[in-house]
2 protein chains.
Amino acid sequence: MDLSIGDLSRRVAVKVPTIRYYEQIGLLPAPPRTEGRQRRYGAEHVSRLSFIRHARDLGFDVEAIRELLSLAAQPDQSCEPADQIVLRHLESVERRIAQLTLLRSELRHMLEDCRHGPVRECRIIQVLADHDQCRHEHGKVS
Amino acid sequence: MDLSIGDLSRRVAVKVPTIRYYEQIGLLPAPPRTEGRQRRYGAEHVSRLSFIRHARDLGFDVEAIRELLSLAAQPDQSCEPADQIVLRHLESVERRIAQLTLLRSELRHMLEDCRHGPVRECRIIQVLADHDQCRHEHGKVS
DNA sequence: TCTTGAACCTCTAGTCGCTAGAGATTGTAT
DNA sequence: ATACAATCTCTAGCGACTAGAGGTTCAAGA
């Protein structure tokens, strides 16, 4: 096991610049280098980067991943803090789904109401221009 | 109607720096100024900024809003392009909901499986460390 | 009229998690 | 030996703001 950054990238499916970025922000430890200063990774880098990738796939932010990694390194501690992190994330996902579901129904209504005539009669534009004609309230989405 | 930027901000519920930002990126036209170079807004600014805010609330990005604004200014044209923009956005919202729904179920399973013991036995950490134990595949989320 | 002080001004930099590019160096296969 | 892909560092950019510094202007009260 003596992987170049490109090998690691292919194996874990994380792009090369992203690996360097993770090193820069201290998420992945700096590996040893060749004489010519190229990075060479071992098995522990593979598993740590996998962990990071899976956690990112699950939508955890870097701070949460930092905490999860540090918890994973303490096998005797209670896993409750990890639980809390996951729960916190789950709740934010649920809030997001709720927002987006509202949003979806608004957008559907807009499309249904559209007469497909000229802009002058277009409900879509009207709703945007005069929000009081809108059916529901909704929070910020972005 | 001769509103300061603060008046406009309160009336439309868009923050002052955001208003200046919209001017900078050309979304809101630059208003006339007082002798002392302070901005003074009229009714057309209020309605244009309202339009922008409603569209942002609906999750449209700035480029889409630019197009919607320019369509709104051409009342004789067909509203089909506006339709297309809304449809495109609806589809992306639907994709996002689908992703997040998958994600939610993964996170719920993780929490269910957790034995609330030490980290060593924690399914949450195990799933992250060894992704093959994961129940489902899912796309990128962030 | 003068004085406060809140509101305004411009400009730069930071947020998050990367991604892209320039320009130079290194590793590897032929 | 040579070619060329891969690597290196560094800086800047993405989107849609947000925060802060340091200075100026406006409007109201004394």
Side-chain angles (χ1 to χ4, degrees), chain A residues 2-28 30-41 45 49 51-69 89 92-93 96 99 139-142, chain B residues 2-28 30-41 45 49 51-69 88-89 92-93 96 99 103 139-142:
Chain A
D2 207 32
L3 307 172
S4 74
I5 198 168
D7 297 334
L8 180 63
S9 168
R10 277 180 294 278
R11 186 175 289 220
V12 185
V14 173
K15 287 177 191 158
V16 167
T18 304
I19 296 173
R20 286 195 280 248
Y21 170 71
Y22 287 160
E23 180 181 325
Q24 192 191 311
I25 64 172
L27 210 53
L28 193 64
R33 305 276 186 129
T34 63
E35 297 239 325
R37 308 206 159 276
Q38 296 197 357
R39 294 166 178 86
R40 288 298 178 266
Y41 295 94
H45 291 101
L49 186 56
F51 189 107
I52 294 169
R53 176 172 135 67
H54 301 332
R56 285 295 300 130
D57 283 353
L58 288 167
F60 290 98
D61 61 24
V62 167
E63 254 324 287
I65 295 174
R66 244 185 254 281
E67 292 171 43
L68 288 170
L69 280 166
H89 183 42
S92 93
V93 167
R96 194 111 185 75
Q99 285 177 338
K140 298 270 176 175
V141 167
S142 71
Chain B
D2 208 29
L3 306 172
S4 73
I5 198 169
D7 296 334
L8 180 62
S9 169
R10 275 179 296 276
R11 186 173 288 220
V12 184
V14 173
K15 288 179 191 153
V16 167
T18 304
I19 295 172
R20 286 195 280 246
Y21 170 71
Y22 287 159
E23 180 181 325
Q24 190 191 311
I25 63 171
L27 208 53
L28 194 64
R33 305 275 185 128
T34 63
E35 297 240 324
R37 304 197 168 283
Q38 296 196 357
R39 294 167 177 84
R40 287 299 177 265
Y41 295 95
H45 291 101
L49 186 55
F51 189 105
I52 294 168
R53 176 170 135 68
H54 301 332
R56 285 294 299 130
D57 282 354
L58 288 168
F60 290 99
D61 61 25
V62 166
E63 254 325 287
I65 295 174
R66 244 185 254 280
E67 291 170 44
L68 288 169
L69 279 166
R88 193 158 26 98
H89 183 43
S92 92
V93 168
R96 194 112 186 75
Q99 284 177 340
L103 186 49
K140 298 270 177 177
V141 166
S142 70

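Note: hydrogens, waters and symmetry copies are ignored here, and every other heavy atom, side chains too, is used. Naming: A, B, ... by sequence-line order, numbering from 1 per chain.
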Participant: Given C:dC18, is OP1 or OP2 found less than 4.0 Å from the side-chain N or O atoms of A:Tyr22?
Facilitator: yes

Participant: End-to-end bend of the helix from C:dT1-D:dA30 to C:dT30-D:dA1 (five-pair axes, 10° rounding)?
Facilitator: 10°

Participant: Round to the nearest Å and state the distance from A:Leu58 atom CG to C:dG17 atom P.
Facilitator: 15 Å

Participant: On the nucleotide C:dT19, are OP1 or OP2 found under 4.0 Å from the side-chain N or O atoms that A:Lys15 carries?
Facilitator: yes

Participant: So, is A:Thr34 near the phosphate of C:dT26, with a side-chain N or O under 4.0 Å from OP1 or OP2?
Facilitator: no

Participant: Under the rule for salt bridge (charged side-chain N to carboxylate O under 4.0 Å, His left out), what residues qualify as partners of B:Asp7, not counting sequence neighbours?
Facilitator: B:Arg10

Participant: State which residues pass salt bridge (charged side-chain N to carboxylate O under 4.0 Å, His left out) with B:Arg20; sequence neighbours excluded, sorted by chain then number.
Facilitator: none

Participant: Can you name the residues that form a ring pair (Phe, Tyr, Trp, His ring centres under 6.0 Å) with B:Phe60, not counting sequence neighbours?
Facilitator: B:His89

Participant: Taking atom P of C:dT28 as reference, at what distance in whole Å does atom CG of A:Leu3 sit?
Facilitator: 12 Å

Participant: Could you state the atom-to-atom distance from CD1 of A:Ile19 to P of D:dC8 in whole Å?
Facilitator: 9 Å

Participant: Go along nucleotides 5-15 of chain C 5' to 3' and tag each nucleotide: B for a protein heavy atom under 4.0 Å from its base, S when only backbone or sugar atoms are that close, - otherwise.
Facilitator: ---SSB-----

Participant: So which heavy atom on A:Ser9 is nearest to which on A:Val14, and how close?
Facilitator: OG-O, 2.7 Å

Participant: For side chain to side chain contact (heavy atoms under 4.5 Å, CB included), just list the numbers for A:Gln38 and A:Ile5, CA-CA rounded to whole Å, side-chain angles, deciding distance to a tenth of an Å, and then say yes or no.
Facilitator: CA-CA 8 Å; A:Gln38 296 197 357; A:Ile5 198 168; over 6 Å; no

Participant: If the condition is side-chain contact (heavy atoms from CB on, under 4.5 Å), which residues does B:Glu67 pass it with, not counting sequence neighbours?
Facilitator: B:Glu63, B:Ile85, B:Arg88

Participant: B:Tyr41: what forms a ring pair (Phe, Tyr, Trp, His ring centres under 6.0 Å) with it, not counting sequence neighbours?
Facilitator: B:His45

Participant: To the nearest Å, how far apart are A:Arg56 CZ and C:dC16 P?
Facilitator: 12 Å

Participant: What is the separation between atom CG on B:Leu27 and atom C1' on D:dA16, rounded to the nearest whole Å?
Facilitator: 11 Å

Participant: Can you tell me how far P of D:dC17 sits from CG of B:Leu49, to the nearest Å?
Facilitator: 11 Å

Participant: Roughly, in whole Å, what's the span from CD1 in A:Ile25 to P in C:dC18?
Facilitator: 8 Å

Participant: Quick one: list whatever passes side-chain contact (heavy atoms from CB on, under 4.5 Å) with B:Val62, sequence neighbours left out.
Facilitator: B:Ile25, B:Leu27, B:Arg66

Participant: For C:dT19, does OP1 or OP2 lie under 4.0 Å from any side-chain N or O of A:Thr18?
Facilitator: yes

Participant: Using only atom types and a distance under 3.5 Å, with no angle test, would you say the side chain of B:Arg53 pairs donor to acceptor with the backbone of B:Val12?
Facilitator: yes

Participant: Provide, to the nearest angstrom, the distance between the CG atom belonging to A:Leu28 and the P atom belonging to C:dC18.
Facilitator: 13 Å

Participant: Report which part of the nucleic acid B:Phe60 touches: base, sugar-phosphate, or nothing (heavy-atom distance under 4.0 Å, all strands).
Facilitator: nothing

